[in-house]
Amino acid sequence: MRAAVLTAKQSIQTIDHQPTITLSETGVRVRIGAGGICGSDLHYFHHYKMGDFPVREPFILGHEAAGIVEEIGSRVNDIAVGNTVVINPSHPCQSCEYCLNGNELLCNEMRFLGSSRKFPHIQGMFSEIFVTDQRQCFKMPPGLSLNVAAFAEPLAVALHAINQAGSLLGANILISGSGPIGALVLLSAKLAGALSVTMTDIREGPLTVVSELGASKTLNVSSGASELIEKANPRGSFDIAFDASGSEAAVLTAIKSLRPGGSLIQIGTFAKPNISIPSDQLMAKELTMKSSFRFDKEFSWAVDYLAKGRIDVMPLLTHTFPMEDANEAFLTASDREKAMKVHLIF
């Protein structure tokens, strides 16, 4: 089989003859059809590391993927050859204290596809064939676009953030960062009953997309965010803010823009991990600040919403590239004025 393998900074090679994995009794062999490029994939591509975890061996990226089942093990139930499936990239150990207490998301030994946190690395799914266990496979309706199915993982991230926020019914929402995750939070917030959703970014391209998706208001904050503070509500007017930008400036603006008693949900990963938070403002306005990391049960929700057409993700898909053009695909995905979500086709 062939795979798109990261071998150096900004260098992905299509390599033949990746090792063939023997199918276990509960194994499923999937021919990958579509895979989305995520922000973490771009970090690996440009910096050859993610945070403090460098790439130390030839590395297959990709944790947003869907395909068609080609072969199943002898004990596989409810999945058949020919099924369309999306693959959950989270592999909790199921034996640590967090897994046993129902918090698999916080697993001590989590194996997440396309991650260099462990060595040997946890190889990802940007390959023609991927073998996994049946519990990682979620069936999609026959004929559903593989591009739609491949949105399950990022949609699950957005749904987890919404779940962390609690009820959004009638709420005025601020979302900082209008990339793919911010856009999916927008769609999820509308589904959850938000009254209004204001979106910010420092580029016009993504703001145009989220405006077309139904954002109540968009604002380019490259020159400042003073417009978010209403004269009639100088202490803030938003009930809930989601930061999907990973920007310290955006977080500080969100804290100023939240009404007393409001909540800030942090989704974006910071380029510089240590930022300064004005704790006196959090205290004086009794704000709640919560983090949102990946997803848990929300993956199955995302699959269900996509399967039933409750969320239309296709307006987010701006480009597709064959696996052989992976370098061009990654460079395009890095241009946020040009691209929203980019998929590789295998």
Side-chain angles (χ1 to χ4, degrees), residues 32-42 61-66 84 86-87 89 125-126 140 144-162 173 175-192 194 197-218 220 242-246 267-269 292 294-295 298-299 301-321 326 328-346:
I32 301 296
I37 297 175
C38 176
S40 62
D41 296 323
L42 293 175
L61 299 172
H63 54 265
E64 307 173 7
T84 296
V86 62
I87 300 170
M125 295 186 282
F126 285 165
M140 287 293 197
L144 184 76
S145 165
L146 292 176
N147 293 113
V148 170
F151 270 91
E153 196 274 349
L155 178 57
V157 171
L159 291 175
H160 184 63
I162 296 293
I173 306 297
I175 302 175
S176 304
S178 298
I181 294 299
L184 288 167
V185 173
L186 162 66
L187 295 175
S188 302
K190 291 174 62 181
L191 187 66
V197 182
T198 297
M199 305 281 296
T200 70
D201 206 282
I202 59 173
R203 295 176 178 83
E204 285 298 327
L207 289 173
T208 298
V209 175
V210 296
S211 179
E212 294 172 351
L213 289 175
S216 308
K217 180 180 179 180
T218 60
N220 189 321
F242 296 89
D243 178 61
S245 70
I267 317 167
T269 299
S292 182
R294 292 179 182 160
F295 49 84
E298 295 86 3
F299 192 88
W301 301 355
V303 169
D304 189 60
Y305 290 166
L306 293 173
K308 294 177 178 177
R310 298 186 66 189
I311 290 183
D312 182 12
V313 295
M314 286 307 286
L316 299 182
L317 182 62
T318 54
H319 298 80
T320 61
F321 291 86
E328 183 182 355
F330 271 72
L331 292 173
T332 299
S334 302
D335 185 348
R336 295 192 58 239
E337 282 289 0
K338 180 189 298 184
M340 180 64 80
K341 175 59 74 174
V342 176
H343 278 182
L344 291 179
I345 305 300
F346 300 87

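Keep in mind that what you see is a predicted model, and the values were worked out from it rather than measured.
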If you look at every heavy atom in [X] and [Y], which pair is closest and at what distance?
X	Y	answer
Met199	Leu207	O-CD2, 3.8 Å
His63	Ser40	CE1-OG, 3.2 Å
Ala244	Ile181	CB-CG2, 4.4 Å
Phe151	Leu306	C-CD1, 3.9 Å
Ala34	Ala150	O-CB, 3.9 Å
Val303	Ala152	CG2-CB, 4.2 Å

Indicate yes or no: at least one non-hydrogen side-chain atom of [X] is less than 4.5 angstrom from one of [Y].
X	Y	value
Ile32	Ile87	yes
Glu153	Pro89	yes
Pro180	Leu316	no
Leu317	Met314	yes

Whether [X] side chain and [Y] backbone form a donor-acceptor pair below 3.5 Å:
X	Y	answer
Ser178	Thr200	yes
Asp41	Cys38	yes
Ser188	Leu184	yes

Once rounded to the nearest 0.5 Å, what's the spacing between atom [atom1] of [X] and atom [atom2] of [Y]?
X	Y	atom1	atom2	answer
Tyr305	Leu159	OH	CG	6.0 Å
His343	Thr318	NE2	OG1	9.5 Å
Phe321	Leu331	CZ	CG	9.0 Å
Glu328	Leu344	CD	CG	11.0 Å
Ser292	Asp243	OG	CG	11.5 Å

Task: Ring geometry between Phe299 and Phe295 (parallel below 30°, tilted from 30 to 60°, perpendicular above 60°) - done: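 Rings of Phe295 and Phe299: tilted, as their planes differ by 30° to 60°.
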TODO: May I have all residue pairs that pass salt bridge (Lys or Arg N to Asp or Glu O under 4.0 Å) and include part of residues 336-346, sequence neighbours excluded?
DONE: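 Qualifying pairs: Glu64-Lys341, Asp201-Arg336.
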Open item on the list: Between Phe346 and Phe126, does the side-chain contact (heavy atoms from CB on, under 4.5 Å) criterion hold? Intermediate values first, please.
Closed with: CA-CA 8 Å; Phe346 300 87; Phe126 285 165; 3.6 Å; yes
Task: Val148, Leu213, Asn147 screened by side-chain contact (heavy atoms from CB on, under 4.5 Å) with Val313, the one that passes - done: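 Only match with Val313 under side-chain contact (heavy atoms from CB on, under 4.5 Å): Val148.
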